[in-house]
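As structure tokens, the structure follows; a few thoughts come after it.
To find a chain, count down the sequence lines: A is the first, B the second, and so on, and within it residues start at 1.
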There are 2 protein chains.
Amino acid sequence: MAKRPPITNRVRELRERDGLSQAALGQAIGVTRQTVIAIEQGRYSPSLESAFRISRVFHAGIEDVFGWEEE
Amino acid sequence: MAKRPPITNRVRELRERDGLSQAALGQAIGVTRQTVIAIEQGRYSPSLESAFRISRVFHAGIEDVFGWEEE
DNA sequence: TTTGACTGTCAAATATTTTTTACAAGAATT
DNA sequence: AATTCTTGTAAAAAATATTTGACAGTCAAA
């Protein structure tokens with residue numbers, strides 16, 4: 001990836017709110033721990049599929065978890 | 001891609017509602033015509049970034065355009 | 001009947017996301 | 001002190017998304 005995507009997310013905040021480890025969240029949505037780390041750190045934006053799974057774990061909508069920074 | 005993703009979308013419907021060609025939509029969101037075709041046909045799900053851009057073109061939220069099929 | 005705009009397909013190449021494996025360090029517990 | 005859980009890093013490989021270029025069919029308009 002060239003640059004950080006114009007997408008923000010509250011994954012870490014919500015994950016800690018629910019007392020989940022990165023590994024546990026990864027398992028819940030079907031990705032590895034490293035993927036969770038990369039998403040939390042904003043190193044890349046997840047697939048739409050991962051984004052849906054993540055938001056559903058938190059019983060939220062995608063746009064409650066992920067934000068769009070206008071360019 | 002192995003299988004179709006569990007994601008539905010109303011891109012074609014909204015695009016036609018707004019009288020946009022596939023090429024015009026692609027240009028508006030910064031992807032090629034072939035990418036728009038593939039998304040409309042559900043051959044693969046877009047990146048979260050493309051999904052945001054698409055929904056904003058239609059002045060809608062992501063979940064107004066893309067649907068999640070529970071598995 | 002030809003031209004242009006639109007949609008579709010296909011294959012190969014490139015870019016990005018995700019996995020796998022391994023190693024390291026801090027905090028809490030035993 | 002040793003163990004366990006958690007987070008972090010890194011690099012290579014694999015999977016998936018996207019691009020590029022080319023060719024083809026339909027339809028409406030000129």
In whole angstrom, give the distance that lies between atom CG of B:Leu20 and atom C1' of C:dT7. 15 Å
Which residue in the set B:Arg10, B:Arg33, B:Arg12 passes salt bridge (Lys or Arg N to Asp or Glu O under 4.0 Å) when paired with B:Glu40? B:Arg12
Of the candidates C:dT18, D:dT9, C:dT7, the side chain of A:Arg43 sits closest to D:dT9
Measure from the side-chain heavy atoms of A:Thr32 and tell me the nearest of C:dT19, D:dT18, C:dG8. C:dT19
Rounded to whole Å, the CD-C1' distance (B:Glu40 to D:dT18) equals 16 Å
Regarding A:Gly30, tell me which of base, sugar-phosphate or nothing describes its non-hydrogen contacts under 4.0 Å with the strands shown. sugar-phosphate
With rounding to the nearest 0.5 Å, note down the distance linking CG in B:Leu48 to CZ in A:Phe66. 6.0 Å
Nearest-Å distance, OH (B:Tyr44) to P (D:dT16)? 13 Å
Is B:Glu13 salt-bridged to B:Arg17, going by a charged N under 4.0 Å from an acidic O? no
In whole angstroms, the gap separating P of D:dC27 from CD of B:Glu16 amounts to 15 Å
Ignoring backbone atoms, establish whether B:Arg33 has a side-chain N or O less than 4.0 Å from OP1 or OP2 of C:dA5. no
Rounded distance in Å - CD (A:Gln22) to C1' (C:dT19): 16 Å
Check the distance between D:dA24's C1' and B:Ile37's CD1 and give it to me in whole angstrom. 13 Å
With respect to the phosphate group of C:dT19, does any side-chain polar atom (N or O) of A:Thr35 fall under 4.0 Å of OP1 or OP2? yes
Rounded to the nearest Å, what distance is computed from the CD1 atom of residue A:Ile29 to the C1' atom of nucleotide C:dT18? 11 Å
Which nucleotide wins on minimum distance to the side chain of A:Val31, given the candidates D:dT19, C:dT9, C:dT19? C:dT19
Side chain of B:Ser50 - closest among C:dG8, D:dT18, C:dT21: D:dT18
Return the value, rounded to whole Å, for the distance between atom CG of B:Leu25 and atom C1' of C:dA5. 16 Å
On the nucleotide C:dT16, are OP1 or OP2 found under 4.0 Å from the side-chain N or O atoms that B:Ser47 carries? no
Is the phosphate of D:dT9, meaning OP1 or OP2, less than 4.0 Å from a side-chain N or O of A:Gln41? yes
Quick note, B:Gln34 side chain, CB onward, closest among C:dC6, D:dT19, C:dT18 is D:dT19
Output yes when a side-chain donor or acceptor of A:Asn9 lies under 3.5 Å from a complementary backbone atom of A:Gly42, and no otherwise. no
When you group the ILVMFWY residues by side-chain heavy-atom contacts below 4.5 Å and let the links chain together, are B:Val57 and B:Phe52 in the same group? yes
Closest to the A:Ile39 side chain: D:dT18, C:dT18, D:dT7? C:dT18
